[in-house]
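Report on one structure; see the data block that follows.
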Amino acid sequence: MPLRTKVCLVCESIMLASKSLQLGAQAIKGLSRVSHFSKFVAPATITPRKPCVQDGELYSTTATSSADGGNEEKEKISVTFVDKDGEETQIKVPIGMSMLEAAHQNDIELEGACEGSLACSTCHVIVMDVEHYNKLEEPTDEENDMLDLAFGLTETSRLGCQVIAKPELDGLRLALPAATRNFAVDGFKPKPH
Ligand code: FES
């Protein structure tokens, strides 16, 4: 009887030891899984996204600059100025900008002595294509009054400060007259009508 009890205790110890080993093995497996998880998941969720630097400019990797660039192109029209010697200069003019401003920004010799306040005719331009001329807004009485005083007036003459870029005017060609009259320099004063 005491021997039997002793054997049982030994068996029990072996069984306990075996169970402990099994539990240990399971624990190691569990740890291993956690380690794999951290290997594959942690870098993607924890590592902050680095910005990119290209050509000295910082930009987001989600930016769609090419699409925006396309729109920018559409918001400008092509205009050609032809000077008195027949030399042509083609420029891009943003929608809403006057031909006088566009000329000044591109070093084209269009005077504009009164800076667009309809008090001179030094921004006189001749629209070379009747189709484009017909797409322009009707000249106001003030513009017509100033045009009457311009040198070399033609059927398609306009004041450059009153011609505003719009999509229908794409391809516009403007001739610069051989001379303009600057009231301030010439001492000429327009008479009231
Ligand atoms: Fe004087 Fe155009 S700049 S009328």
Side-chain angles (χ1 to χ4, degrees), residues 53-60 62-193:
V53 178
Q54 196 174 56
D55 297 333
E57 266 184 49
L58 204 65
Y59 71 97
S60 159
T62 55
T64 53
S65 55
S66 61
D68 293 340
N71 288 340
E72 266 174 33
E73 275 307 302
K74 278 180 201 161
E75 286 167 9
K76 288 181 180 177
I77 60 167
S78 171
V79 176
T80 302
F81 286 87
V82 184
D83 72 12
K84 58 183 189 307
D85 300 321
E87 199 172 307
E88 299 192 3
T89 307
Q90 193 183 57
I91 60 170
K92 294 281 181 192
V93 183
I95 301 297
M97 181 180 276
S98 77
M99 294 305 131
L100 179 65
E101 279 178 271
H104 286 179
Q105 282 189 7
N106 290 276
D107 296 326
I108 290 163
E109 286 186 26
L110 185 61
E111 195 175 327
C114 76
E115 296 178 350
S117 57
L118 283 174
C120 74
S121 62
T122 59
C123 62
H124 175 206
V125 291
I126 297 159
V127 182
M128 298 176 80
D129 181 349
V130 179
E131 272 185 36
H132 278 132
Y133 179 81
N134 290 335
K135 288 176 184 168
L136 299 176
E137 304 293 319
E138 285 290 309
T140 61
D141 289 345
E142 289 84 358
E143 184 180 349
N144 277 329
D145 287 348
M146 289 299 115
L147 278 171
D148 285 344
L149 304 168
F151 282 117
L153 189 68
T154 73
E155 287 291 310
T156 58
S157 285
R158 292 298 301 259
L159 294 180
C161 64
Q162 303 302 305
V163 178
I164 309 299
K166 56 183 179 177
E168 306 93 284
L169 295 180
D170 189 36
L172 182 67
R173 288 169 64 79
L174 298 172
L176 301 175
T180 59
R181 174 178 284 156
N182 184 334
F183 307 146
V185 172
D186 300 343
F188 178 89
K189 289 207 174 107
K191 288 180 195 152
H193 286 256

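Counting starts at 1 for both ligands and their atoms, in listed order.
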Which residues share a side chain to side chain donor-acceptor pair (under 3.5 Å) with K84, sequence neighbours left out
none

Is it the case that the side chain of T122 and the backbone of G112 share a donor-acceptor pair, with hydrogens and angles ignored and the cut-off at 3.5 Å?
yes

Is there a donor-acceptor pair closer than 3.5 Å between any side-chain N or O of K135 and the backbone N or O of K166?
no

Look only at the side chain of D85 and the backbone of E87, and say whether a donor-acceptor pair between them is shorter than 3.5 Å.
no

Do any protein N, O or S atoms sit under 2.8 Å from atom 1 (Fe) of ligand 1, and which ones are they?
C114 SG, C120 SG

Do the side chain of E143 and the main chain of L159 share a donor and acceptor less than 3.5 angstrom apart?
yes

Spell out, as yes or no, whether a donor-acceptor pair under 3.5 Å connects the side chain of H124 to the backbone of L110.
no

